[in-house]
Amino acid sequence: MHNASPGDAISPSRSHQGPSRRLTSARESGAKSAPEGTPGTRGGLRLLGWDLDTDSDISDITGLPQESLTDSFRHLTQQGPLSEPIVERLIQSIQEFFNGDLQSELEKLTFLRSLSSLSQALPYAETVGAFIHSHIGDIVHILNSLYRQTLQAFSEMLQSLVVKDPHLENLDTIFKQMDPWLQSTKDHERERAAVSMAKVLKCSSRHLSLKLPLQFQRLGRLVALMALLCGDPVKEVAEEAAEGTHYLLHITLRLKYVTHDKKNHPSLRRAMKKCQELLELYSINQFYSCPFKIAQVFEVFLNSNELCQFVMTVLGGLKSLKHPCTQKSAGELLITLVKNAESRFEKVPEIMGVICARLSIISQPRVRQQIINTVSLFISRPKYTDIVISHLLCHPVPYDRHLAELWRTLDVKLPSTTWILWRLLRKLQKCHNAPTHEKMAYMAVAATHALYEVFVGNRLRAATFRLFPQLLMTLLIQIHHSIGLTMSDVAIPSGLYTEQEMSSQVTPLCFAIQATKTLLLRTLCWQEFNIMEKNKGWTLLEGKDGHLQGISLLANALLERNHLFANKIMYLLVPLLNRGNDKHKLTSAGFFVELLQSPVARRLPSIYSIARLKDWLHHGNNVFKTLALKGLHYLTRHQEMREGIKSLLPCIVDLLCETNEKIVLLAIQILLQLVETMDFTTLTAMMKTLFSLFGDVRPDVHRFSMTLFGASIKSVKYTDKKGIENQVLDSLVPLLLYSQDENDAVAEESRQVLIICAQFLKWKLPQEVYCKDPWYIRCGKVGKVCKFFGKKCKGKVNLVAQTLMFSKNAKLPIRRAAVLFAGLLLKYVDHSELRMKGTDWIEKDLRDLLCDPEPSLSIIASQALFQVPEAGTEQDPRQTVCGLRKLMGCLST
């Protein structure tokens, strides 16, 4: 038979049970031996210095034979079946105990030894079975009595131990032994442990010695266990725990009174007053039947370490899947204590770790919400905000459904929402200061995903609206940093993904895009979201080359649909434009520049707008130059800003020589806005540069350079007209020839600028100049144009030379127009002037074109050769023959 332990004894409160039930209980309690270090017989007696594991300890008890009970059992088993005389003696010995009481320890052990020995003969001795069957009631009655006596003896032993050594350290040791039993999953074990602990606490409250030093290392844990037991589903356990808690409160009051710091005497008085008020508020029965009320009372006396013990113990109660009510009690205790203890906790990361681990096993919605509310309380207190956020971010992404639920259902009071969201945002912002060549911090990915979950839950809605500018810009910067990265490019903490593989579809970029979309939707930016989708804005944002274009699209959408948000972002970006790495600066600059279109931009001091853009004009990165020009272009729309931009005109004019087409076009657009304010020196320098761009291979540069040239002519003051007259005359032939360009927009712009030039020179151009048909099919009209220029212009040989330069142009229509115009213009050249310069250079250029693979050009060139006049009024016959030979040679080719 198993050695009975006090933990297995039947408590007085259950002594009314019938024989059959008491036997069943006895068998159940004897099914397993007590765990080591628990308040069973051996563990309990160890507290008194006894150890039943050794024969010598048993022999020390007066009256016992030298052979131990264990050795006796072993001896009987080894000798095989019992003889009939021995069986009869055992039966007779047991019958003698039926008529009397078991008084001495020797009699009790003798009875147990005889009964155990007799049970060995059950398989083969019919008399033994008959005897036990006929006397089962007596046997169970005696065993039940022994159990009650054992429990009583155990309780008395513990109480005598307390009386003998009434120091708190001894109570601490006793509780250490009782701890596993108080948390047992078996009802009868918890009940007996609760009975024993209640009696120990009662005895301690009467005999406790409070001499210094006082050491009670597990007070917080003991309070938590007793509070959990007060909500136990077994009524007897709850009642015993309530009684024990009553005495534990008395012990705690006395302990805290003795150990409190004399300087903090007012705080102790306040705690005592609060405790008294709470005790007066509830009746004793009501008080001890509500675990959360216990937490309210004890909380005022527990220090930070004891509070942590309390919380960790209560969190352990969440593992009780067998008794849902225990989970419920744990949830109430936890939320009550954290709510009342405010900022007196230590080891918050450990607490968060246990909470996150327990979420997956809590199925009751109310308890889950209480646990999440506990996290909400911790995170809303500034002292713990960063600690809690950092711990929650140290989990694998994407978060599992339990952690996602926690982020989504945070229940925080309105004043704290902005603080929490701001601290989470700062976790992400700090990651953007790292050099771009290093791996992305895992914190950046985790914080981005956490923001997404918070936006989905929408519990921090007010804070999301309030921090929208910071949130949007930070997420856009995160998108820029994430382009082209996979999770292998992230500095993942070691061991984070030991039990699961990372999907290839999970990338930092997908989290950033997801969070940005959700932010727009939660802040009611439906129109902006729609604009991004329609114009493939999200795809642009994700691309390395299109990112800034996507930024521009979103900024303009906000500017169009939500002025308030747009203006807030503009003011936010002013101090941030020079912070962070290049990706950080580019994204911020791209958004800021688009917002300069807003009328509010005129209120910005020059140091934050024009001066900043001037710095970017000298940046080595062409992207910054482009953004600077774009920003200046927007600012020129505000009349108040133009005066400040004028000082940048020489720098902008220099940018016309850039190879980057976008830079040149933006510079032209700015100069078009400011051309009327230019001084004459800058204007003439710009016109020379623009003239060099006529015929540029970039059609838009070609076209808009002519546009700006025309605008420059219009802006010249009357007193300065003579200074640019030669430039205007030099531009006539190029403009006339480019009116034949294959690009209709370029050709039309050439004609328009020709009109401006004619007005400047006070000429009236023939209508044939505006003819849109190709010249080679309307030679008559071209002749009239040549005649006009032949009459108006001086130095016609120079005009021919200028025209023939275009015979080498890459575009066929321009080459063809140049040869045709030169040939017809030769009719109006002064012979004396031509004779001085000779005609060989003209003939050479035209003869080279005779071999051109384009028939129309070679034919026009051959016709032009006939127009080359002979030098002098009298022709030398030899020269004529030579000329004919040349012509025949040309024609033969």
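For the single chain, residues carry numbers from 1 onward in sequence order.
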Point to revise | Rounded distance (nearest 0.5 Å) linking atom CD of Gln527 with atom CD of Glu560 | key: 8.5 Å
Review point. Which residues pass the side-chain hydrogen bond (donor to acceptor under 3.5 Å, both in side chains) test with Ser692, sequence neighbours left out?
Key: none
Exercise for review: Assess whether side chain to side chain donor-acceptor pair (under 3.5 Å) is satisfied between Asn556 and Gln597, documenting all intermediate values.
Suggested key: CA-CA 9 Å; Asn556 279 285; Gln597 300 174 77; 2.8 Å; yes
Review point. Can Arg815 and Glu854 be counted as an ion pair, charged N to O under 4.0 angstrom?
Key: no
**Study point:** Pair Glu594 + Lys630: basic N to acidic O under 4.0 Å
**Key:** yes
Practice item. Could you tell me whether the side chains of Ser856 and Arg816 share a donor-acceptor contact shorter than 3.5 Å? Key: yes
Review point. Between the side chains of Glu748 and Gln752, does any donor sit under 3.5 Å from an acceptor?
Key: yes
Practice item. Scan side-chain atoms only and decide if Gln673 and His633 contain a donor-acceptor pair under the 3.5 Å cut-off. Key: no
Review point. When His480 is tested against each of Asn581, Asp582, Thr587 for side-chain hydrogen bond (donor to acceptor under 3.5 Å, both in side chains), which residue passes?
Key: Thr587
**Study point:** Aromatic plane relationship, Trp763 with Phe788 - under 30° parallel, 30 to 60° tilted, over 60° perpendicular
**Key:** perpendicular
Practice item. Indicate the ring-plane relationship of Phe709 and Phe691, choosing parallel, tilted or perpendicular according to the 30° and 60° boundaries. Key: tilted
Exercise for review: Using modelled atom types only, decide if a donor and an acceptor are shared between the side chain of His638 and the backbone of Leu596 within a distance under 3.5 Å.
Suggested key: yes
Exercise for review: Measure up the Phe624 and Trp616 rings against each other and bin them: parallel (under 30°), tilted (30 to 60°), perpendicular (over 60°).
Suggested key: tilted
Review point. So, Arg637 side chain and Tyr634 main chain: donor-acceptor pair closer than 3.5 Å or not?
Key: no
**Study point:** Side-chain (Thr516) to main-chain (Ala512) donor-acceptor, under 3.5 angstrom
**Key:** yes
Review point. Counting distance only, does the side-chain N/O of His619 pair as donor-acceptor with the main-chain N or O of Asp615 below 3.5 Å?
Key: no
**Study point:** Salt-bridge contact Glu661-Arg698 (side-chain N to carboxylate O under 4.0 Å)
**Key:** no
Review point. How many angstroms lie between CZ in Phe591 and CG in Leu627, if you round to the nearest 0.5 Å?
Key: 13.0 Å
Check your understanding: Do any N or O atoms from the side chain of Asp845 and from the backbone of Ile842 form a donor-acceptor pair under 3.5 angstrom?
Key -> no
